[in-house]
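A quick write-up on the structure given underneath.
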Amino acid sequence: MEITPLIWIITIAVTILFFVYEFFAHVRKPHEPSIGESARWSAFYIGLALLFGVGIGVVSGWTFGGEYFAGYLTEKALSIDNLFVFLIVMTGFAVPKIYQQKVLMIGIIIALILRGIFIAVGATLIENFSWIFYIFGALLLFLAYRQAFSHGESDPANGKFMQFVRRHLPVTDEYHEDKLTVKKDGRRFVTPMLLTIIAIGFVDLIFAVDSIPAIYGLTDEAYIVFTANAFALMGLRQLYFLIGGLLERLVYLAQGLAVILAFIGVKLVFHALHVNELPFINGGEPLLWVPEIPIWFSLLFIGLTITVATVASLMKTRNAPQATAAETSAVEPEVSVAAGSEGAVTGQVEPTKPVRPIDEQRKRSR
(Lines give C-alpha, C1' and ligand atoms only; values in the text may rest on other atoms or scores of the structure.)
Protein backbone atom coordinates (compact mmCIF):
# COMPACT_ATOMS: atom_id res chain seq x y z
CA MET A 1 0.00 0.00 0.00
CA GLU A 2 1.70 3.16 -1.23
CA ILE A 3 0.90 6.21 0.89
CA THR A 4 2.70 9.40 -0.12
CA PRO A 5 3.60 12.16 2.37
CA LEU A 6 0.96 14.34 0.69
CA ILE A 7 -1.78 11.80 1.49
CA TRP A 8 -0.58 11.68 5.10
CA ILE A 9 -0.66 15.48 5.34
CA ILE A 10 -4.15 15.68 3.84
CA THR A 11 -5.47 12.91 6.11
CA ILE A 12 -4.08 14.48 9.29
CA ALA A 13 -5.28 17.95 8.24
CA VAL A 14 -8.83 16.70 7.54
CA THR A 15 -8.87 14.84 10.88
CA ILE A 16 -7.85 18.01 12.72
CA LEU A 17 -10.49 20.03 10.85
CA PHE A 18 -13.19 17.56 11.89
CA PHE A 19 -12.32 17.97 15.55
CA VAL A 20 -12.05 21.76 15.23
CA TYR A 21 -15.52 21.79 13.65
CA GLU A 22 -16.82 19.52 16.43
CA PHE A 23 -15.56 21.92 19.06
CA PHE A 24 -16.94 25.13 17.56
CA ALA A 25 -20.22 23.62 16.34
CA HIS A 26 -21.15 21.46 19.33
CA VAL A 27 -18.84 21.77 22.33
CA ARG A 28 -17.88 25.44 22.75
CA LYS A 29 -21.37 26.36 23.99
CA PRO A 30 -22.15 24.04 26.95
CA HIS A 31 -25.34 22.06 26.45
CA GLU A 32 -26.73 18.56 26.82
CA PRO A 33 -27.06 16.93 23.37
CA SER A 34 -30.49 15.61 22.45
CA ILE A 35 -31.03 12.01 21.39
CA GLY A 36 -31.81 13.20 17.86
CA GLU A 37 -28.61 15.23 17.58
CA SER A 38 -26.52 12.36 18.94
CA ALA A 39 -28.18 9.80 16.64
CA ARG A 40 -27.69 11.92 13.49
CA TRP A 41 -24.02 12.59 14.12
CA SER A 42 -23.30 9.02 15.23
CA ALA A 43 -24.84 7.71 12.02
CA PHE A 44 -22.87 10.28 9.99
CA TYR A 45 -19.50 9.30 11.46
CA ILE A 46 -20.16 5.56 11.23
CA GLY A 47 -21.31 5.97 7.63
CA LEU A 48 -18.22 8.03 6.85
CA ALA A 49 -15.99 5.34 8.34
CA LEU A 50 -17.67 2.64 6.26
CA LEU A 51 -17.37 4.70 3.06
CA PHE A 52 -13.69 5.28 3.76
CA GLY A 53 -13.19 1.52 4.14
CA VAL A 54 -14.94 0.89 0.83
CA GLY A 55 -12.66 3.52 -0.73
CA ILE A 56 -9.57 1.73 0.56
CA GLY A 57 -10.90 -1.55 -0.84
CA VAL A 58 -11.62 -0.06 -4.26
CA VAL A 59 -8.36 1.89 -4.55
CA SER A 60 -5.85 -0.38 -2.82
CA GLY A 61 -7.50 -3.81 -2.92
CA TRP A 62 -9.83 -5.67 -0.62
CA THR A 63 -7.03 -7.23 1.40
CA PHE A 64 -6.28 -3.77 2.72
CA GLY A 65 -10.00 -3.01 2.85
CA GLY A 66 -10.55 -6.07 5.02
CA GLU A 67 -7.67 -5.05 7.29
CA TYR A 68 -9.23 -1.62 7.71
CA PHE A 69 -12.68 -2.99 8.60
CA ALA A 70 -11.23 -5.53 11.06
CA GLY A 71 -9.16 -2.77 12.65
CA TYR A 72 -12.09 -0.36 12.76
CA LEU A 73 -14.37 -2.92 14.44
CA THR A 74 -11.71 -3.75 17.02
CA GLU A 75 -10.93 -0.11 17.78
CA LYS A 76 -14.63 0.80 17.97
CA ALA A 77 -15.25 -1.98 20.49
CA LEU A 78 -12.24 -0.89 22.55
CA SER A 79 -13.45 2.72 22.36
CA ILE A 80 -16.86 1.76 23.72
CA ASP A 81 -15.11 0.07 26.64
CA ASN A 82 -13.16 3.32 26.99
CA LEU A 83 -16.50 5.16 27.21
CA PHE A 84 -17.49 2.98 30.15
CA VAL A 85 -14.40 4.16 32.05
CA PHE A 86 -15.11 7.77 31.03
CA LEU A 87 -18.57 7.28 32.54
CA ILE A 88 -17.06 6.10 35.82
CA VAL A 89 -14.64 9.04 35.91
CA MET A 90 -17.29 11.68 35.22
CA THR A 91 -19.70 10.10 37.69
CA GLY A 92 -16.94 9.95 40.29
CA PHE A 93 -16.22 13.66 39.85
CA ALA A 94 -19.93 14.56 39.58
CA VAL A 95 -19.38 16.44 36.31
CA PRO A 96 -22.52 18.46 35.43
CA LYS A 97 -24.13 17.05 32.31
CA ILE A 98 -23.87 20.27 30.29
CA TYR A 99 -20.06 20.20 30.67
CA GLN A 100 -19.58 16.51 29.86
CA GLN A 101 -19.24 17.23 26.14
CA LYS A 102 -16.12 19.30 26.77
CA VAL A 103 -14.57 16.59 28.94
CA LEU A 104 -15.33 13.95 26.31
CA MET A 105 -13.93 16.08 23.48
CA ILE A 106 -10.69 16.74 25.33
CA GLY A 107 -10.45 13.07 26.31
CA ILE A 108 -10.93 11.95 22.70
CA ILE A 109 -8.32 14.42 21.42
CA ILE A 110 -5.84 13.21 24.05
CA ALA A 111 -6.58 9.62 23.02
CA LEU A 112 -5.94 10.39 19.35
CA ILE A 113 -2.65 12.16 20.11
CA LEU A 114 -1.42 9.34 22.34
CA ARG A 115 -2.44 6.71 19.82
CA GLY A 116 -0.71 8.68 17.06
CA ILE A 117 2.52 8.59 19.07
CA PHE A 118 2.13 4.87 19.74
CA ILE A 119 1.39 4.25 16.04
CA ALA A 120 4.59 6.00 14.97
CA VAL A 121 6.66 4.12 17.56
CA GLY A 122 5.01 0.82 16.63
CA ALA A 123 5.63 1.33 12.91
CA THR A 124 9.31 2.05 13.56
CA LEU A 125 9.71 -1.01 15.77
CA ILE A 126 7.96 -3.31 13.30
CA GLU A 127 10.04 -2.03 10.39
CA ASN A 128 13.33 -2.66 12.21
CA PHE A 129 12.67 -5.57 14.57
CA SER A 130 10.55 -8.53 13.49
CA TRP A 131 10.76 -9.97 17.01
CA ILE A 132 8.56 -7.12 18.27
CA PHE A 133 5.59 -9.27 17.19
CA TYR A 134 6.48 -11.68 20.00
CA ILE A 135 6.34 -8.78 22.47
CA PHE A 136 3.05 -7.46 21.11
CA GLY A 137 1.54 -10.94 21.11
CA ALA A 138 2.58 -11.66 24.70
CA LEU A 139 1.32 -8.23 25.81
CA LEU A 140 -2.09 -8.81 24.22
CA LEU A 141 -2.42 -12.24 25.82
CA PHE A 142 -1.66 -10.70 29.21
CA LEU A 143 -4.11 -7.86 28.61
CA ALA A 144 -6.76 -10.36 27.49
CA TYR A 145 -6.35 -12.28 30.76
CA ARG A 146 -6.56 -9.07 32.79
CA GLN A 147 -9.62 -7.91 30.83
CA ALA A 148 -11.42 -11.22 31.32
CA PHE A 149 -10.75 -11.64 35.02
CA SER A 150 -10.73 -8.08 36.33
CA HIS A 151 -13.44 -7.50 38.90
CA GLY A 152 -14.70 -4.09 37.92
CA GLU A 153 -13.53 -2.50 41.19
CA SER A 154 -11.22 0.13 39.68
CA ASP A 155 -12.22 3.70 40.41
CA PRO A 156 -10.05 6.02 38.28
CA ALA A 157 -11.43 9.08 40.05
CA ASN A 158 -9.95 7.95 43.36
CA GLY A 159 -7.00 5.82 42.28
CA LYS A 160 -3.42 6.29 43.46
CA PHE A 161 -2.56 8.51 40.51
CA MET A 162 -5.40 10.93 41.27
CA GLN A 163 -4.58 10.88 44.99
CA PHE A 164 -1.06 11.97 44.05
CA VAL A 165 -2.43 14.75 41.84
CA ARG A 166 -4.74 16.02 44.58
CA ARG A 167 -1.92 16.13 47.12
CA HIS A 168 0.12 18.40 44.85
CA LEU A 169 -2.55 20.69 43.39
CA PRO A 170 -4.81 23.14 45.26
CA VAL A 171 -8.42 22.34 44.35
CA THR A 172 -11.45 24.64 44.49
CA ASP A 173 -14.55 23.80 46.45
CA GLU A 174 -16.82 23.71 43.41
CA TYR A 175 -17.08 23.79 39.64
CA HIS A 176 -16.68 27.22 38.05
CA GLU A 177 -18.65 26.60 34.87
CA ASP A 178 -16.25 24.75 32.54
CA LYS A 179 -13.11 26.58 33.66
CA LEU A 180 -9.99 24.54 34.40
CA THR A 181 -8.41 27.03 36.82
CA VAL A 182 -9.68 29.98 38.82
CA LYS A 183 -8.03 32.71 40.86
CA LYS A 184 -9.27 33.19 44.43
CA ASP A 185 -7.81 35.60 46.98
CA GLY A 186 -4.78 36.14 44.78
CA ARG A 187 -4.03 32.40 44.53
CA ARG A 188 -4.50 30.17 41.49
CA PHE A 189 -6.62 27.03 42.08
CA VAL A 190 -7.48 24.15 39.77
CA THR A 191 -11.11 23.13 39.48
CA PRO A 192 -12.62 19.64 39.63
CA MET A 193 -13.00 19.97 35.83
CA LEU A 194 -9.22 19.91 35.42
CA LEU A 195 -8.92 16.91 37.75
CA THR A 196 -11.48 15.09 35.60
CA ILE A 197 -9.49 15.81 32.43
CA ILE A 198 -6.25 14.64 34.09
CA ALA A 199 -7.96 11.39 35.07
CA ILE A 200 -9.35 10.97 31.54
CA GLY A 201 -5.87 11.54 30.07
CA PHE A 202 -4.38 8.88 32.35
CA VAL A 203 -7.10 6.44 31.30
CA ASP A 204 -6.38 7.25 27.64
CA LEU A 205 -2.72 6.36 28.12
CA ILE A 206 -3.64 2.96 29.54
CA PHE A 207 -6.10 2.25 26.72
CA ALA A 208 -3.53 3.18 24.08
CA VAL A 209 -1.40 0.29 25.37
CA ASP A 210 -4.27 -2.09 24.56
CA SER A 211 -5.31 -0.46 21.32
CA ILE A 212 -2.20 -0.12 19.20
CA PRO A 213 -0.69 -3.62 19.58
CA ALA A 214 -4.17 -5.02 18.89
CA ILE A 215 -4.60 -3.33 15.52
CA TYR A 216 -0.98 -4.00 14.51
CA GLY A 217 -1.96 -7.64 14.86
CA LEU A 218 -4.42 -7.09 12.02
CA THR A 219 -2.35 -4.91 9.69
CA ASP A 220 1.17 -3.58 9.48
CA GLU A 221 0.08 -0.56 7.45
CA ALA A 222 0.50 2.53 9.64
CA TYR A 223 -1.99 4.47 7.49
CA ILE A 224 -4.72 1.90 8.11
CA VAL A 225 -3.86 1.84 11.80
CA PHE A 226 -4.17 5.63 12.06
CA THR A 227 -7.36 6.03 10.02
CA ALA A 228 -9.11 3.11 11.77
CA ASN A 229 -8.28 4.72 15.13
CA ALA A 230 -9.34 8.18 13.98
CA PHE A 231 -12.70 6.97 12.66
CA ALA A 232 -13.29 4.85 15.78
CA LEU A 233 -12.81 7.97 17.92
CA MET A 234 -14.89 10.25 15.69
CA GLY A 235 -18.48 10.25 16.86
CA LEU A 236 -17.55 8.69 20.19
CA ARG A 237 -18.80 11.79 22.01
CA GLN A 238 -22.22 11.53 20.36
CA LEU A 239 -22.33 7.78 20.93
CA TYR A 240 -21.80 8.37 24.66
CA PHE A 241 -24.99 10.41 24.91
CA LEU A 242 -26.88 8.21 22.47
CA ILE A 243 -26.47 4.87 24.19
CA GLY A 244 -26.70 6.42 27.68
CA GLY A 245 -28.09 3.82 30.06
CA LEU A 246 -27.48 1.02 27.55
CA LEU A 247 -23.77 1.25 28.33
CA GLU A 248 -24.22 -0.32 31.75
CA ARG A 249 -26.08 -3.26 30.19
CA LEU A 250 -23.04 -4.37 28.14
CA VAL A 251 -21.96 -6.61 30.99
CA TYR A 252 -20.12 -9.07 28.74
CA LEU A 253 -18.23 -6.43 26.78
CA ALA A 254 -15.07 -7.02 28.84
CA GLN A 255 -15.16 -10.75 28.11
CA GLY A 256 -15.82 -10.14 24.42
CA LEU A 257 -12.85 -7.79 24.21
CA ALA A 258 -10.72 -10.32 26.09
CA VAL A 259 -11.53 -12.95 23.45
CA ILE A 260 -10.65 -10.49 20.65
CA LEU A 261 -7.37 -9.45 22.30
CA ALA A 262 -6.42 -13.10 22.91
CA PHE A 263 -7.23 -13.99 19.31
CA ILE A 264 -5.10 -11.14 17.96
CA GLY A 265 -2.34 -12.06 20.43
CA VAL A 266 -2.24 -15.61 19.06
CA LYS A 267 -2.32 -14.21 15.51
CA LEU A 268 0.69 -12.02 16.32
CA VAL A 269 2.64 -14.94 17.80
CA PHE A 270 1.88 -17.04 14.71
CA HIS A 271 3.09 -14.21 12.50
CA ALA A 272 6.23 -13.78 14.61
CA LEU A 273 7.03 -17.48 14.20
CA HIS A 274 6.34 -17.23 10.48
CA VAL A 275 8.94 -14.44 10.08
CA ASN A 276 11.17 -15.57 12.94
CA GLU A 277 14.74 -14.26 13.12
CA LEU A 278 15.57 -15.06 16.75
CA PRO A 279 18.59 -17.41 16.82
CA PHE A 280 17.31 -19.49 19.77
CA ILE A 281 14.08 -20.37 17.92
CA ASN A 282 14.53 -22.84 15.06
CA GLY A 283 18.10 -21.65 14.60
CA GLY A 284 16.93 -18.20 13.54
CA GLU A 285 14.96 -19.58 10.58
CA PRO A 286 11.26 -18.83 9.93
CA LEU A 287 8.78 -21.57 10.84
CA LEU A 288 6.94 -21.58 7.53
CA TRP A 289 4.62 -24.40 8.59
CA VAL A 290 2.98 -22.09 11.15
CA PRO A 291 -0.34 -20.93 9.66
CA GLU A 292 -1.02 -17.27 8.92
CA ILE A 293 -4.57 -16.36 9.92
CA PRO A 294 -6.22 -14.66 6.89
CA ILE A 295 -7.80 -11.24 7.30
CA TRP A 296 -11.25 -12.45 6.21
CA PHE A 297 -11.27 -14.89 9.12
CA SER A 298 -10.10 -12.16 11.53
CA LEU A 299 -12.87 -9.82 10.35
CA LEU A 300 -15.50 -12.57 10.69
CA PHE A 301 -14.22 -13.64 14.12
CA ILE A 302 -14.13 -10.08 15.50
CA GLY A 303 -17.58 -9.21 14.16
CA LEU A 304 -19.09 -12.44 15.52
CA THR A 305 -17.48 -11.97 18.94
CA ILE A 306 -18.80 -8.41 19.28
CA THR A 307 -22.27 -9.56 18.21
CA VAL A 308 -22.34 -12.48 20.66
CA ALA A 309 -21.07 -10.32 23.55
CA THR A 310 -23.68 -7.63 22.84
CA VAL A 311 -26.62 -10.03 22.44
CA ALA A 312 -25.61 -12.05 25.52
CA SER A 313 -25.30 -8.85 27.55
CA LEU A 314 -28.73 -7.58 26.55
CA MET A 315 -30.30 -10.97 27.25
CA LYS A 316 -28.58 -11.13 30.63
CA THR A 317 -29.87 -7.70 31.67
CA ARG A 318 -33.25 -7.65 29.92
CA ASN A 319 -35.12 -8.06 33.23
CA ALA A 320 -32.71 -6.00 35.31
CA PRO A 321 -33.89 -2.65 36.68
CA GLN A 322 -32.86 0.13 34.33
CA ALA A 323 -30.95 3.05 35.74
CA THR A 324 -31.85 6.36 34.19
CA ALA A 325 -29.40 8.25 32.08
CA ALA A 326 -29.10 10.87 34.80
CA GLU A 327 -27.98 8.23 37.29
CA THR A 328 -25.35 6.74 35.05
CA SER A 329 -24.05 9.38 32.68
CA ALA A 330 -24.02 12.30 35.04
CA VAL A 331 -24.71 13.29 38.60
CA GLU A 332 -25.86 16.90 38.89
CA PRO A 333 -24.23 18.15 42.09
CA GLU A 334 -26.71 19.82 44.40
CA VAL A 335 -23.93 21.10 46.62
CA SER A 336 -20.41 22.26 46.03
CA VAL A 337 -17.68 19.71 45.46
CA ALA A 338 -15.49 20.50 48.41
CA ALA A 339 -11.78 19.95 48.77
CA GLY A 340 -10.78 17.71 51.64
CA SER A 341 -7.90 18.18 54.02
CA GLU A 342 -5.41 16.98 51.43
CA GLY A 343 -7.12 18.60 48.44
CA ALA A 344 -9.27 15.54 47.64
CA VAL A 345 -12.61 16.21 46.03
CA THR A 346 -15.30 15.35 48.53
CA GLY A 347 -18.70 16.67 49.50
CA GLN A 348 -22.27 15.84 50.41
CA VAL A 349 -22.77 14.24 47.00
CA GLU A 350 -20.67 11.11 47.43
CA PRO A 351 -18.79 10.86 44.12
CA THR A 352 -18.21 7.14 43.97
CA LYS A 353 -21.59 5.79 45.02
CA PRO A 354 -23.29 6.08 41.60
CA VAL A 355 -20.54 3.90 40.15
CA ARG A 356 -21.49 0.90 42.27
CA PRO A 357 -24.52 -0.38 40.30
CA ILE A 358 -22.47 -0.45 37.08
CA ASP A 359 -19.54 -2.25 38.69
CA GLU A 360 -21.82 -4.66 40.55
CA GLN A 361 -23.67 -5.56 37.34
CA ARG A 362 -20.36 -6.35 35.62
CA LYS A 363 -19.17 -8.40 38.59
CA ARG A 364 -22.38 -10.45 38.55
CA SER A 365 -21.76 -11.26 34.87
CA ARG A 366 -18.44 -12.95 35.63
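If you read the sequence from its start, that first residue is 1, and numbering goes on from there.
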I'd like a table of donor-acceptor pairs (distance under 3.5 Å, sequence neighbours excluded) in which one partner is a side-chain atom from residues 14-21, with atom names and distances.
unit_1	atom_1	unit_2	atom_2	d
Thr15	OG1	Thr11	O	2.8

The criterion is side chain to side chain contact (heavy atoms under 4.5 Å, CB included); which residues satisfy it with [X], sequence neighbours excluded?
X: Ala123; result: Tyr216, Ala222
X: Trp62; result: Val54, Val58, Phe69
X: Leu6; result: Thr4, Ile10
X: Ile197; result: Ile106, Ile110, Leu180, Met193

Measure across [X] and [Y] and return the closest heavy-atom pair with its distance rounded to 0.1 Å.
X: Leu261; Y: Ala214; result: CD2-CB, 3.9 Å
X: Ala262; Y: Ala144; result: N-CB, 3.6 Å
X: Ala77; Y: Leu257; result: CB-CD2, 3.6 Å

- Task: List in chain and number order the residues that pass salt bridge (charged side-chain N to carboxylate O under 4.0 Å, His left out) with Glu75, two or more places apart in sequence or in another chain; answer none if no residue qualifies.
- Result: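 Partners of Glu75 by the salt bridge (charged side-chain N to carboxylate O under 4.0 Å, His left out) criterion, ordered by chain and then number, come out as Arg115.
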- Message: When you group the ILVMFWY residues by side-chain heavy-atom contacts below 4.5 Å and let the links chain together, are Phe93 and Ile98 in the same group?
- Response: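 Ile98 and Phe93: one cluster.
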- Show the numbers, then the answer: is there a side chain to side chain contact (heavy atoms under 4.5 Å, CB included) between Leu233 and Ser79? CA-CA 7 Å; Leu233 291 172; Ser79 295; 4.0 Å; yes
Check ring pair (Phe, Tyr, Trp, His ring centres under 6.0 Å) between [X] and all other residues, then give those that pass, not counting sequence neighbours.
X: Phe142; result: none
X: Phe136; result: none
X: Tyr68; result: Phe52

- Residue pair Ile46, Tyr72: steps toward the side chain to side chain contact (heavy atoms under 4.5 Å, CB included) verdict: CA-CA 10 Å; Ile46 291 173; Tyr72 174 73; 3.9 Å; yes
- Task: Would you list the pairs meeting side-chain hydrogen bond (donor to acceptor under 3.5 Å, both in side chains) in which at least one residue belongs to residues 261-283, sequence neighbours left out?
- Result: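 side-chain hydrogen bond (donor to acceptor under 3.5 Å, both in side chains) check on residues 261-283 returns Ser130-Glu277, Tyr134-Asn276, His271-Glu292.
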- Kindly give the cluster partners of Val59, where membership spreads through any ILVMFWY side chain lying under 4.5 Å from a current member.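 Reading the cluster by chain and number, Val59 sits alone, since nothing else belongs.
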If you define the side chain from C-beta out and look only at heavy atoms, does anything of [X] sit under 4.5 Å from [Y]?
X: Ile281; Y: Leu287; value: yes
X: Phe226; Y: Ile12; value: yes
X: Thr181; Y: Thr191; value: no

- Could you walk me through whether Glu22 and Tyr45 pass the side chain to side chain donor-acceptor pair (under 3.5 Å) check? CA-CA 12 Å; Glu22 278 273 288; Tyr45 281 119; 3.1 Å; yes
Counting only pairs under 3.5 Å, give me each side-chain donor-acceptor contact of residues 296-308, with atom names and distances, residues two or more places apart or in other chains.
unit_1	atom_1	unit_2	atom_2	d
Ser298	OG	Pro294	O	3.4
Thr305	OG1	Phe301	O	2.7
Thr307	OG1	Gly303	O	2.8

- Message: Under 6.0 Å from the ring centre and within 45 degrees of the ring axis: does the NZ or CZ of Arg187 meet both conditions for the six-membered ring of Phe189?
- Response: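 Positive - Arg187 is close enough to the ring of Phe189 and near enough to its axis.
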